[in-house]
2 protein chains.
Amino acid sequence: MAEPTAAERDPEAVSKFVEGFAAQLVEAGMQRMPARVFAALLASDAGAMTSAELGEQLQVSPAAVSGAVRYLAQQHMVAREREPGSRRERYRVHSNQWYEALTNRDAVLKRWELALRVGVDSLGSTTPAGRRLSETLAFFEFIDGEVAAMMERWRAHRETLYGDG
Amino acid sequence: MAEPTAAERDPEAVSKFVEGFAAQLVEAGMQRMPARVFAALLASDAGAMTSAELGEQLQVSPAAVSGAVRYLAQQHMVAREREPGSRRERYRVHSNQWYEALTNRDAVLKRWELALRVGVDSLGSTTPAGRRLSETLAFFEFIDGEVAAMMERWRAHRETLYGDG
DNA sequence: CGCTTCTTTCAGAAATTTGTGAAGTTAAGG
DNA sequence: CCTTAACTTCACAAATTTCTGAAAGAAGCG
């Protein structure tokens, strides 16, 4: 049993991982329910679950799932899938996509940069405080540029690990 | 007045920036009070303030400042300074250091990695879910390595902007 | 078209988080 | 040593957040 197979998937083990990983995400600033939903999807074999399945595993109401999924979809951390010919929706983590979304704190960086520009303007670019803000701004602008390149290197690195899969 | 000087520092403008920038940090997951304290320090000309100064600018109690500073110090986002021969403490943002601390989500990454390893082990590295977690883990390990190099490039880039200052 | 199944919205209850005042602790300076 | 200034801790009150149940809203299917 050191190497479980799909057949012997242990709900307790799954739940333990889900709650543990979710807790880490919460500590890093994510809301609890989105974190739990996301972790549950990550730990699913299919990489996708229905609203009902999520509600059952996490022991929460459909309303809670709905709210969490809306948030995750906005952040591009899950994709909604409509099985054609059914009202049932399916929420999926795209293996190759989700961590790019996590990295896409781009929007966050942009808002920080905007706030800093306002600060530099109103405090004066030649004051000590203004210069500090200005340097901070330069840092974020630099990071912006680097992240794209880094993701490119990751894709290359990934292929050395997994091939073109 | 398009370019304010230190002499005409406008408390309202400062406060506006502080609250605005703090709000962005909060939205990114930081607690409110640490965010406000940090923003206030960033916007100070000296790059450092006493507990009393912070309390007055932010209109909060010494207890609130104390709690916020403890958090920020743990995250290495501010340094505590003891002016020798005084009980007054001074909290400082190290211009060159603070954003490295922000980037030092290293600890966060490490905890995520640990949780993911647990997941891979308990779900089985050959199951679909296990493989997904495993790939996620590989991604974070890759990022770990890249961040250090990126910071190095930033320091070099910074010198092209500001010289050795 | 109406029935049925799934999802979303919304008001409110419950839990958590946050900040305060007051008491406690530490260390400088007489 | 004792006084006093500063920081910290703690219990509690207030504000905020989070989740639920119930009702409303879509969309397939007969």
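So that the names make sense, note that chain A is the first sequence line, chain B the second, and so on, each numbered from 1.
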>> Would you say A:Ser61 places a side-chain N or O within less than 4.0 Å of OP1 or OP2 belonging to D:dC19?
In response: no
> Closest nucleotide of DNA chain D for A:Arg82 versus for B:Arg70: which of these residues is on the 5' side?
Replying inline: B:Arg70
>> Looking at B:Arg88 and B:Glu83, is there a salt bridge between them, counting it only when a charged N and a carboxylate O are closer than 4.0 Å?
In response: no
> Can a side chain N or O of B:Ser51 be found less than 4.0 Å away from OP1 or OP2 on D:dC7?
Replying inline: yes
> C:dT18 P sits how many Å from B:Leu58 CG, rounded?
Replying inline: 16 Å
>> Just the rounded figure in Å: distance from P of D:dT17 to CD of B:Glu27.
In response: 12 Å
> So what does B:Gly85 hit on the nucleic acid, given a heavy-atom distance under 4.0 Å: a base, only sugar-phosphate, or nothing?
Replying inline: sugar-phosphate
> If you pin A:Arg32 and A:Pro84 to their nearest nucleotides in DNA chain D, which one's is more 5'?
Replying inline: A:Arg32
>> Counting the atoms with a prime plus P, OP1 and OP2 as sugar-phosphate, which does A:Val60 contact under 4.0 Å by heavy atoms, base, sugar-phosphate, or nothing?
In response: sugar-phosphate
>> Within this structure, what is the CZ-CG distance for the pair B:Arg132 and B:Leu137, rounded to the nearest 0.5 Å?
In response: 14.5 Å
> Roughly, in whole Å, what's the span from CE in A:Met33 to P in C:dA15?
Replying inline: 14 Å
> Rounding to a whole Å, what distance do you find between B:Tyr71:OH and C:dG19:C1'?
Replying inline: 17 Å
> What nucleotide among C:dG19, C:dA28, C:dT9 has an atom nearest to a side-chain atom of B:Arg87?
Replying inline: C:dA28
> How would you label the contact of A:Gln59 with the nucleic acid (heavy atoms, under 4.0 Å): base, sugar-phosphate, or nothing?
Replying inline: sugar-phosphate
> Is the count of non-hydrogen atoms from other residues, nucleotides or ligands lying under 6.0 Å from B:Glu19 atom CD greater than 12?
Replying inline: yes
>> So if I take every side-chain heavy atom of A:Ala63 and compare against D:dC19, D:dC7, C:dC10, which nucleotide ends up nearest?
In response: C:dC10
> Which nucleotide in the set C:dT9, C:dA22, D:dA6 lies at the smallest distance from any side-chain heavy atom of B:Arg88?
Replying inline: D:dA6
> Are any of B:Arg80's side-chain N or O atoms less than 4.0 Å away from OP1 or OP2 of D:dT8?
Replying inline: yes
> Expressed in angstrom and rounded to an integer, what is the separation of A:Arg90 atom CZ from C:dC6 atom P?
Replying inline: 13 Å
> Roughly how many Å is it from CD in A:Glu89 to C1' in D:dG25, rounded to a whole number?
Replying inline: 14 Å
> Between B:Met49 and B:Arg90, is any pair of side-chain heavy atoms under 4.5 Å apart?
Replying inline: no
> Should B:Val108 and A:Glu27 count as side-chain neighbours, where that means a heavy-atom distance under 4.5 Å?
Replying inline: no
> What's the CD-P distance between B:Gln31 and D:dT16, to the nearest Å?
Replying inline: 16 Å
